[in-house]
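Just so it is clear, the values below take in all heavy atoms, side chains as well, and ignore hydrogens, waters and symmetry mates.
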Amino acid sequence: MLNTLNGRAILLSMVLLAISLGIWEALNQPPEASAAMSEFEMLMGGADQEARVPPPSQVLEHAWTELSNPFYDAGPNDKGIGIQLAYSIYRVLTGYFAAALVAIPLGFVIGMSPLMHKALTPFIQVLRPISPLAWMPLALFIIKDSEQSAIFVIFICSIWPMLINTAFGVANVRKDWIRVAQTHELGALKTAWKVILPAAAPTILTGMRISIGIAWLVIVAAEMLVGGTGIGYYVWNEWNNLDLNSVIFSILMIGIVGMLLDMALATVAKLVQYEE
Amino acid sequence: MNKHFVSVENLSKRFPTKSEDLVVFDEVNIGFDKGEFVCIIGHSGCGKSTILNVLAGLDTPSGGAVIMDGTEVSGPSLDRGVVFQNYSLLPWLTTLQNVSFGVQARWPKWDKKKVDEHSKHFLEMVGLSASLNKKPAQLSGGMRQRVSIARAFATSPKLLLLDEPFGALDALTRGVIQDELLKIWNATQQTVFMITHDVDEAILLADRILLMTNGPNARIAESVKVSIPRPRDRSDIIEHPAYYKIRNHLVNFLVKRSGEMSGAAAPTGNTLEVDPAEPDATAAATSVPIKKAAAYTA
Ligand SMILES: Nc1ncnc2c1ncn2[C@@H]1O[C@H](COP(=O)(O)OP(=O)(O)O)[C@@H](O)[C@H]1O
Ligand SMILES: [Mg+2]
């Protein structure tokens, strides 16, 4: 195992994990239940005066119970982690693909037409730096539906990296390849489909990968705002319940799902990658 | 006047600059007959690629026109196939797909089987039957250029344009592909216009070699006939009595006269027709280039 770079990397990761979990565990032991509880402590329900982050052993134990029944539904404020994540993923994917449907064709137009590029750049420059959450009040007012407003926020934050990368990829397709299309009398649509799209696909996919990452970052914040369902709401709700086990557990789940989304896009990117 | 299959008439190209226009070339007249193989030689920057791109319809001239088969060239067309120096294969397609890309564009009604068969036939002619499913990145420079040649010939263009197709290849590979080019040209009898830097390559391949003076204000000074019978073989051809006469003539032009005759020094836009194999022509053209040989008009 120590012979290969991968083997050594895995080993080192394990060691680092063990050390950090060990320190975390050691620093967060509950105090010795030596003295009897004071009257005040009894009033507080036996809680520590000094709030403690739960140690990893507790979090793992909690994770095990949650993950062994991820899809239970016991009313609005008590749903399994699987259901909450499913809500979030659904919103992210809906907003994300809607954004792709707009951003990629528009990116083609901007990339292929210098006129459109010049005309649309000021709009993009103003709209892009707006924090997606700043749209939320307006979205809620116009759409009047918190669920769809969250999807709209995902839409708006996913659009920019895809739009900009598509336009860049399309505008920078090698001139030789365009000439190949021209000398073979391909029309505009066929050129876009058979030459420009495959040529720009790796750049477009890079934009799509950045977008899905941002969308997943934003959904948590958006759901904290609109509430109801979703992993963002779940984290906030468990914080209100002071259930830090659940908070830490859901933070880990957010990371894992984000990683899986990125890996899925990376797989697609590999399919369209080409070597010059 | 216009009896040639392709005629380039009074072609010029200028680029506007602050003071006065930069004239790349002026009064370029060329006539191609059907089935002719014409090479053009000239120093870098004199405008050879520009002429070729105008012929292809990829570039527009500042003056003059290209007439092919009675109609003026106004844009790119499948009737004029182009092989670029940097191969310009589509890197996400395999060898076979790169060729069938062209074939499909040429004959949109053909089914996939027919397109593939036709493409494979041309890939076989350039010796690539074993690499049908490889991507360009997996091929050597020579193999890529073969794919590019197969793609161009497979669409049976009326005029084939090659821009320094072997410029980036090593001498051995170049020799092999030159032979393949001759073979495929013999089989198809296409009209070919090719830019090259290599004097020996031009003699091996061409019926006629055009010599271009240095730019700016470049022009086609001479049209040199290669009177060596075909089929030509690279090892036998050097034994032919005309070979060194032609070669010396070309080298002399490139080393000396291309510079001397360049720009304003050129008295007329006419191109001299030269056959160095004829006893007096060589001496005449090398010493007093302008006077003796008959003027060639398009
Ligand atoms: N956009 C341009 N502006 C000014 N000069 C140009 C431009 N494009 C090409 N040229 C000039 O045209 C000349 C001919 O170029 P080219 O046809 O590529 O030459 P060749 O193929 O013979 O080496 C070059 O000297 C180049 O400097
Ligand atoms: Mg050139």
Contact list for [range], test ring-ring contact (aromatic ring centres under 6.0 Å, His included), sequence neighbours left out:
| range | value |
| --- | --- |
| residues 181-205 of chain A | A:His184-B:Phe101 |
| residues 93-131 of chain A | none |
| residues 116-166 of chain B | B:Trp107-B:His118, B:Trp110-B:His118, B:His118-B:Phe122 |

* Asked: Can you tell which of B:Pro157, B:Ser77, B:Ala56, B:Gly57 has the highest number of heavy-atom pairs within less than 4.5 Å of chain A?
  -> B:Ser77
* Heavy-atom pairs under 4.5 Å with chain A, option from B:Gly102, B:Gly81, B:Gly75 with the top count -> B:Gly102
* Asked: Can you list the steps and then say if B:Val54 with B:Thr60 is a side chain to side chain contact (heavy atoms under 4.5 Å, CB included)?
  -> CA-CA 6 Å; B:Val54 170; B:Thr60 47; over 6 Å; no
* Asked: Can B:Asp170 and B:Thr173 be counted as having a side-chain donor-acceptor contact under 3.5 angstrom?
  -> yes
* To do: Check each atom of A:Lys194 against the heavy atoms of chain B and say whether the ones under 4.5 Å are side chain, backbone, both or neither.
  => both
* To do: Using non-hydrogen atoms and a 4.5 Å limit, figure out which bit of A:Ala199 sits close to chain B: side chain, backbone, both or neither.
  => both
* **B:Leu93, part contacting chain A, at a heavy-atom distance under 4.5 Å** => neither
* Under 4.5 Å heavy-atom distance to chain A, tell me which part of B:Gln104 shows up: side chain, backbone, both or neither. => side chain
* Which residues in residues 268-276 of chain A have a heavy atom less than 4.5 Å from any heavy atom of chain B? -> A:Tyr274, A:Glu275, A:Glu276
* Asked: Considering residues, nucleotides and ligands other than A:Met116, do more than 12 of their heavy atoms fall under 6.0 Å from its CE?
  -> no
* To do: Answer yes or no for B:Lys34 and B:Phe5: cation-pi contact, defined as NZ/CZ to six-membered ring centre under 6.0 Å and angle to ring axis within 45°.
  => yes
* Check whether any side-chain N or O of A:Gln182 sits under 3.5 Å from a backbone N or O of B:Pro76 as a donor-acceptor pair, and report yes or no. => no
* To do: Determine whether B:Ser156 and B:Gln190 make a side-chain contact, defined as any pair of heavy atoms from C-beta on separated by less than 4.5 Å.
  => yes
